[in-house]
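Written out below as structure tokens is the structure these notes cover.
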Amino acid sequence: MNKTVDSPDAAIAGISDNMVLGLGGFGLCGIPENSISALIRSGVKGLTCISNNAGVDDFGIGLMLQSKQVKKMISSYVGENAEFERQLLSGELEVDLIPQGTLATRLMAAGYGMPAIFTPAGVGTEIAKGKESRIFGEKEYLLEYAFDIDYSIVKAWKGDEYGNLIFRKTSRNFNPLIAMAGKITIAEVEEMVPAGELDPDHIHLPGIYVHRIFQGSNYEKRIEQRTVRQRN
Amino acid sequence: MNKTVDSPDAAIAGISDNMVLGLGGFGLCGIPENSISALIRSGVKGLTCISNNAGVDDFGIGLMLQSKQVKKMISSYVGENAEFERQLLSGELEVDLIPQGTLATRLMAAGYGMPAIFTPAGVGTEIAKGKESRIFGEKEYLLEYAFDIDYSIVKAWKGDEYGNLIFRKTSRNFNPLIAMAGKITIAEVEEMVPAGELDPDHIHLPGIYVHRIFQGSNYEKRIEQRTVRQRN
Amino acid sequence: MLDKNGIAKRIAKEVKDGYYVNLGIGIPTLVANYIPEGLNVVLQSENGLLGIGPFPFEGEEDADLINAGKQTITTLPGSAFFDSAMSFGMIRAGKVDLTILGAMEVSENGDIANWKIPGKMVKGMGGAMDLVASAKNIIVAMQHVNKAGESKLLPTCSLPLTGIKCVKKIVTELAVLSVLPEGGFQLLERAPGVSVDQIKSATAGKLIIEGEIPEMTI
Amino acid sequence: MLDKNGIAKRIAKEVKDGYYVNLGIGIPTLVANYIPEGLNVVLQSENGLLGIGPFPFEGEEDADLINAGKQTITTLPGSAFFDSAMSFGMIRAGKVDLTILGAMEVSENGDIANWKIPGKMVKGMGGAMDLVASAKNIIVAMQHVNKAGESKLLPTCSLPLTGIKCVKKIVTELAVLSVLPEGGFQLLERAPGVSVDQIKSATAGKLIIEGEIPEMTI
């Protein structure tokens, strides 16, 4: 069950114009840096990107915005990105803003074969417009549908040739959920290990959800808000 | 945030007649042995027990059936239990049989604050009788409701005073799901460790879902089907 | 005519490189013994494991490591544990390529009954209803006729159903048959030494026989 | 009149032993600095962490360890990481005892607006809509009036809503107020040196004043 591919460029083979992609990460934490570079090299256009954030101007998905490859972003928060704002205001870019928990749960629903879920997030707000709602007990919930993703791209800390993934600290975030939602899922990892080296009890996402995996390189792992305290 | 209690008897304090309990485990694997003994000592009666299985005649929930503490079992499979069969046929015991995946997902729904989920399991069968169904795409799904559990009782391998739990191998099974579904959740562990000793990346169930935890003792960990191969 | 191991051996030929497979209790479990060396196949156990290995050596049994039939097992390199919600999540999402299970009855439109006999103690469906409702590819391993000599391949099931329109293929001691989307059992192969007439007389449901039916090779 | 730290300090008094707390960006983040020593409190970060610790020492920042505001942080003993579905799952299930967040407007029936200003670039709601729709106990930390001098405690919100009937308490530079189930802001405490009249004139929504209003102690 060797799912290893040699390069990010080989990993993204088959991704073509106007497809729906899911990309892991929260802010710049745990984003698939190598795959994003490969997508830019590929020149693929008209993408719909499902990702909690849209990167910053010169990093992450922001780079794909610069090269005008993204038609639509489906995110919960898209701040910190001037080019994003410009394209949005000029009408070049569509954006669908979704509550973060709804985004996460719609991804999980796809990975768990559930066509839709109920969540109270957005009840009574403009997010609820046109959506079916239903009362359970005394609380109102919106019906939200599972995502349908052509290719999912995630970044993990460690992985093996079976596609088993382990994430590190808060870089887990959306990665396992994006991964489980893809019809085809690509994982890049900081460290590829032989099958059997990962403790089967420590695996965060079983390889059954991963179709291609590669050892990434030159991770920048940029920090968005460097906050520190002084040593006494 | 010290949730440690001294004994299984202290852990089950508050469980009273006619309550709904959730109990972790699959077969006899990963069952809360110490808590079951305490429940038997307590003499509490009329319980509704949500558990994938009902133990065997002389172990696990089977012991609670012997002492006639169980009014109703909600399970996916209840074989291997003569006393169960006797009580069922005599009308002393009710049983609600639920597909295993539906059981698991209704527990997860409770832990994730989702009032109901959709699953195709049971469509077109007697399980679907009286249930709302709905077609998404071309497939039919049943609407199944989240469980409402008074006390959940689970068994983990390791835990800390915050209630963080790590399970071992296939003894994970229903345990994290039962744990997240309880209004009050009790965990017994083979090994209690100080806070900070468990790697936060290895925790299977965060302590926020656990209210009481204790170091269990004298685990029998009985094997139901001992299957082996011969050494050449 | 095949014995249980023969049925398992024939079904093993349906397993392709790269497959994730769920094996039910009974004959399906035997299939694992006949998957050709070199084929990359991962076995799923719905209690929460990908990568089932062989039974443990005597003395190495681990109470925390069992399969869905509650038998002690081992794991192979590359295995992963998970909880039951994720286990049935991956099944429901169609990530398991092939499900092999036993049946009491199969109807000519692919309905399956394998969990309940009215009047007998009902033990429960376990994960069977989830598996048959979600699996992309379901092969049934069973005897062609029951102990009373009655066909188990029927126009409609008489027993309570486990799932509807889901069985794709059936392997019995007599034959390999596919269930056609429009209904009917298409005879694909005969077991060694079994005649088409024998299969005809053992099949109560609509049997479709087109051209020469080859004897299976296992 | 309180400064930002004063508001945070007053809110910290609402945090009880054993609480799991989610702190929003801005003033709410400051609350962590004033939780009394000895109180057992676990801070949740909705990107997937229970057990937020202080900022790291310079040179010890870890790009893989950030809070929901994308700031580098540390963890405390007893912490746990998880994915975003579980994070919002525990929020939705009411496992988080207290949520503290900022707001642009709060209405007298507990509606909150804090994500969108028409005509300005919309950055998104992040996790705010999930939090306000699910949290059992929501305290808003905000200025009583906006930069134009207009009250942010209104009969009805004028900005697009984040959630409805969810705010339980409000702490501003002037006062502590509870939102009554039947509607209306009940004045509970005055900030040091602030008069009831000052609060009255800064509150556009229905203000309920019963008896003597004590000055808060922080």
query: Hey, mind stepping through B:V193 and B:Q215 against side chain to side chain contact (heavy atoms under 4.5 Å, CB included) and telling me if it holds?
result: CA-CA 9 Å; B:V193 303; B:Q215 163 86 58; over 6 Å; no

With respect to chain C, which residue among [options] yields the maximal number of heavy-atom pairs within a distance under 4.5 Å?
options: B:G27, B:C29, B:A54; result: B:C29
options: B:R226, B:R222, B:E140, B:M108; result: B:R226
options: B:S75, B:A104, B:A128; result: B:A104
options: B:R106, B:E85, B:K139; result: B:E85
options: B:P120, B:P99, B:G79; result: B:P99
options: B:T102, B:L28, B:N52; result: B:T102

Any idea which of [options] has the most non-hydrogen atom pairs under 4.5 angstrom with chain B?
options: C:M121, C:M86, C:K70, C:Q71; answer: C:K70
options: C:T72, C:L131, C:L161; answer: C:T72
options: C:S134, C:G126, C:G59, C:A80; answer: C:G126
options: C:T75, C:I66, C:I91, C:T74; answer: C:I66
options: C:A68, C:A113, C:A128; answer: C:A68

Do the non-hydrogen side-chain atoms of [X] and [Y] ever get within less than 4.5 Å of each other?
X: C:W115; Y: B:L97; answer: yes
X: B:Y219; Y: B:E188; answer: yes
X: B:E190; Y: B:K155; answer: yes

message: Is C:V122 in contact with chain B via its backbone, its side chain, both, or neither, using a 4.5 Å heavy-atom distance?
response: both

message: Can you tell me which portion of C:S87 sits under 4.5 Å from chain B's heavy atoms? Options are side chain, backbone, both or neither.
response: neither

message: Let me confirm one number: the CG-CD1 distance from C:L101 to C:I25, rounded to the nearest 0.5 Å.
response: 10.5 Å

task: Only pairs at least two apart or in different chains count here, so list each salt bridge (charged side-chain N to carboxylate O under 4.0 Å, His left out) that has a residue in residues 97-117 of chain C.
output: B:E126-C:K116, C:D97-C:K136

Below 4.5 Å from any heavy atom of chain C, which atoms of [X] appear? Answer side chain, backbone, both or neither.
X: B:N53; value: side chain
X: B:I127; value: side chain
X: B:L103; value: neither

task: Please step through side chain to side chain donor-acceptor pair (under 3.5 Å) for the pair C:R92 and B:T105, ending with a clear verdict.
output: CA-CA 11 Å; C:R92 216 185 288 115; B:T105 314; 2.5 Å; yes

task: For B:K131 and B:L143, work out which heavy atoms get closest and say how close.
output: CD-O, 4.5 Å

query: So, B:E92 versus B:S90: side-chain donor-acceptor pair below 3.5 Å or not?
result: yes

field: C:S151 and C:H144: side chain donor to acceptor below 3.5 Å
entry: no

message: Assess whether a salt bridge exists between C:D3 and C:K9, defined as any Lys/Arg side-chain N lying under 4.0 Å from an Asp/Glu carboxylate O.
response: no

message: Check the orientation of B:H204 and B:F167. Use parallel for under 30°, tilted for 30 to 60°, and perpendicular for over 60°.
response: parallel

- request: Verify whether the ring centers belonging to B:Y141 and B:F136 lie closer than 6.0 Å.
  value: yes

message: Does anything in residues 37-56 of chain C reach chain B? List residues with heavy atoms under 4.5 Å apart, or say none.
response: C:E46, C:N47, C:G48, C:L49, C:P54, C:F55, C:P56

task: Show your working on side chain to side chain contact (heavy atoms under 4.5 Å, CB included) between C:T99 and C:I139 and close with a plain yes or no.
output: CA-CA 6 Å; C:T99 292; C:I139 300 180; over 6 Å; no

